[in-house]
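In what follows, every heavy atom counts, from backbone to side chain, and hydrogens, waters and symmetry copies are set aside.
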Amino acid sequence: MIRITNLSFKYPGSEELALENVNLRVNPKTLSLVIGPSGSGKSTLLRCINGLIPHFSGGEVAGKIEVFGLEPINQGVEQMAKMVGMVFQEPESQFVYDIVEDEIAFALENLGMERNTMHRRVDSILEDLSIENLRRKKIRDLSGGEKQKVAIASVLVSKPKVLLLDEPTSQLDPGSADEVLKLITTVKEKMDVTVIISEHRLERLLPYTDQVIYIGEEHWVESGSPQNIIPKKNLAPPIVQIAKKLNLKPVPLVIENFPPIELNLKKQVEDKIVDGLLANEVPLFSIKEMSTTINGRKILKNVSLNFNGGEILTLLGKNGSGKTTLLRSIMGLIPSKGEKFLKGKNISQLAPEEIIKDFAYLPQNPNDLLFAETILKELHITLENHGIKKDHTQLMTFLQQFDLADKSQRYPRDLSVGEIQRTALAAITIHDPRIILLDEPTRGLDYQAKENLAKILQGWRNEGRAVLLITQDVEFAAAVTDRTGILDGGQIIFTGSPITAFTEFPVFQTQTARLFPGSGWILPRDVQSAI
């Protein structure tokens, strides 16, 4: 059993508590879901349980934590590692080796395991997670989702008694996320593991959850069954939003428990979107026959795509389908074949300074972009690079839309993952680019933060900018997209109406589409509008 009594914690140099007077009990062999606004202390709670806080982070801690007889505040990380395994929000941060198989075996080497037993254990976890094909691959060549699977495998292979996962599905496509969650559930039952998961996409986790731990904005904790906690919170998946609109009681939390209802409502008509262009209109940016080969493997295969001003284009695809490679190829970060056109002009005929002023690119790992001592200085660096001047009032107004104005003097790497994501997004767009490329921008964002991001993206769209959004968050994609593309095996297999994308491709169906098949509804607001 895990028992936390009167736990409070303050990070070094901070005047505010990150956790305050937390009292919590987690029963053995259960799965607990930690939820709450971005920056409320979810990751901090997990790090307290495995001893990283205070032994690695420093800071002021009060109270008591007991984890199956061990006390992480007193015993530290080394002792806790024998009992507790943790997968971090950024899987890249925990890798030691270059090759997948070696990385997974690393924990077993530390335990001094006999070599043949170690090989069998590694083989088993590779098979369980369906990543045998990654065995000899270099980690740097993996997609973000593949890295996340490897990180989970490297922790599960040592068979911990407690498994902590911080946003484990944030970079996984829906199918892969379901596979991993089912595996975690199986591991919990077969190996008697106690699982605690921090996650924002509740629709994925609720079917597996025994207890919900809610951390509020003031860093206090409330816990209970999903049925007692979720319906009372604003952090609610689509099924709960719809159930409330229909006054269903009790509120169903999973699709299987949603009661059959007959609604004689008009089907939403599909928009016949092809490429979003008017007759004879030139796209703001376009790629023609783009192909990219990495280490002898062809990742992109003759991809052609238009990016139109005044449009949000979302691109979906399974892990490893080539989405990130496409963005990196567009930005010229990796060699590729094909042509690129900016407002009808071949980019090869334009000066670099003409091109770069029009583009903004947010990679999967926003930390790659952040180097300054404060958020405000990050903005100044971008402006200086583009030879642009903006006064302090303009910068603070700009930061307000990202909910960062009050944190302008904070060191970016001390922020929560969601806050880091928003900081990077502000830093890449302060120079007013016309073409904005985003790779998994909702990583680490709660429902409210995603609503705010949607407003920002739609504001850019309304200003005539072209936004390309790559995401595994189908609910968010459906909420903001004007046109949707699907990438599979390095090729565009669909581009057009969001209604088609989110209803007719099973792996990308939204909860609303699954609840009301044949209706053409993809979001709770579609149900409300129809009612």
Side-chain angles (χ1 to χ4, degrees), residues 85-111 113 115 118-158 165-173 175-177 179-180 183 290-301 303 315 317-337 361-369 437 439-440 443 470 472 487-491:
M86 181 166 179
V87 179
F88 297 90
Q89 280 182 327
E90 301 165 356
E92 301 89 349
S93 67
Q94 65 190 86
F95 294 140
V96 177
Y97 284 95
D98 295 329
I99 304 299
V100 167
E101 184 178 36
D102 297 338
E103 178 61 35
I104 294 173
F106 177 61
L108 304 181
E109 291 175 344
N110 281 341
L111 294 174
M113 185 172 289
R115 184 162 293 276
M118 184 168 62
H119 280 306
R120 287 196 298 271
R121 188 80 70 84
V122 171
D123 289 344
S124 176
I125 199 66
L126 285 168
E127 182 179 350
D128 287 341
L129 279 172
S130 300
I131 55 174
E132 300 101 320
N133 61 313
L134 303 182
R135 179 191 292 270
R136 297 305 304 166
K137 283 193 174 183
K138 292 183 178 179
I139 288 177
R140 67 171 179 267
D141 293 335
L142 303 181
S143 70
E146 289 168 337
K147 288 178 182 177
Q148 207 152 20
K149 285 185 177 181
V150 171
I152 291 171
S154 67
V155 170
L156 285 178
V157 73
S158 61
L165 302 116
D166 204 351
E167 301 245 13
T169 69
S170 63
Q171 294 189 82
L172 299 181
D173 64 68
S176 296
E179 288 174 11
V180 168
L183 171 68
M290 178 174 282
S291 296
T292 305
T293 300
I294 300 176
N295 295 330
R297 178 178 165 227
K298 200 167 187 178
I299 307 297
L300 296 180
K301 305 169 185 176
V303 174
L315 190 61
K318 294 181 180 179
N319 294 123
S321 61
K323 302 184 301 299
T324 295
T325 299
L326 176 62
L327 290 194
R328 289 172 60 80
S329 298
I330 289 172
M331 295 301 298
L333 299 175
I334 49 178
S336 63
K337 296 180 179 178
Y361 168 52
L362 180 72
Q364 279 187 0
N365 186 358
N367 281 308
D368 292 344
L369 301 177
L437 311 177
D439 198 351
E440 299 289 354
R443 187 178 174 186
I470 282 180
Q472 301 292 6
L487 192 65
D488 186 38
Q491 297 177 302

Report summary line: Residues Ala177 and Thr169: closest non-hydrogen pair is CB-CB, 3.9 Å

Requested in this report: Spell out, as yes or no, whether a donor-acceptor pair under 3.5 Å connects the side chain of Lys323 to the backbone of Lys318.
Outcome: yes

Query - Side chain to side chain, Leu369 and Leu362, heavy atoms closer than 4.5 Å - result: yes

**Report entry** Check: Gln94 side chain, Phe88 main-chain N or O, donor-acceptor pair, under 3.5 Å
**Finding:** yes

Requested in this report: For Asp102 and Tyr97, work out which heavy atoms get closest and say how close.
Outcome: O-CD1, 3.6 Å

Query raised in the report: Considering all heavy atoms of both residues, which atom of Lys301 and which atom of Lys298 are nearest to each other, and what is their separation?
Result: CE-O, 3.7 Å

**Report entry** Nearest-0.5 Å distance that lies between atom CD in Glu109 and atom CZ in Arg115
**Finding:** 6.5 Å

Query raised in the report: Which atom pair, heavy atoms only, marks the closest approach of Met290 to Leu300?
Result: O-CB, 4.0 Å

Query raised in the report: CD/Gln364 to CD/Gln148 distance, rounded to the nearest 0.5 angstrom?
Result: 9.0 Å

Requested in this report: Drop me the distance from Met331's CE to Leu437's CG, to the nearest 0.5 angstrom.
Outcome: 6.0 Å

Query - Thr292 and Ser329 side chains, donor-acceptor separation under 3.5 Å - result: yes

Requested in this report: For residues Asp123 and Arg135, determine if any side-chain heavy atom of one lies less than 4.5 Å from a side-chain heavy atom of the other.
Outcome: yes

Query raised in the report: Does Glu103 reach the main-chain N or O of Val96 with its side chain, forming a donor-acceptor pair under 3.5 Å?
Result: yes

Query - Whether Lys149 side chain and Ile131 backbone form a donor-acceptor pair below 3.5 Å - result: no

Query raised in the report: Between Val87 and Ile152, which heavy-atom pair has the shortest distance, and what is it?
Result: CG2-CA, 3.8 Å

Report summary line: Checking Thr293, Asp141, Ile334, Thr325 against Ile299 for side chain to side chain contact (heavy atoms under 4.5 Å, CB included), the one that qualifies is Thr325

**Report entry** Pairwise distance CD1(Ile470) to OG1(Thr324) - rounded to 0.5 angstrom
**Finding:** 5.5 Å

Query raised in the report: What's the shortest heavy-atom distance between Leu142 and Lys147, and which atoms?
Result: O-CE, 3.6 Å

**Report entry** Candidate pair Val155 and Met86, rule side chain to side chain contact (heavy atoms under 4.5 Å, CB included), full reasoning
**Finding:** CA-CA 7 Å; Val155 170; Met86 181 166 179; 5.9 Å; no

Query raised in the report: Roughly how far, to the nearest 0.5 Å, is the CG atom of Leu326 from the CG atom of Leu487?
Result: 6.5 Å

Query raised in the report: Is the shortest heavy-atom distance from the side chain of Asn319 to the side chain of Gln472 under 4.5 Å?
Result: yes

Report summary line: So CG of Leu172 and CD of Glu440: to nearest 0.5 Å the spacing works out to 9.0 Å

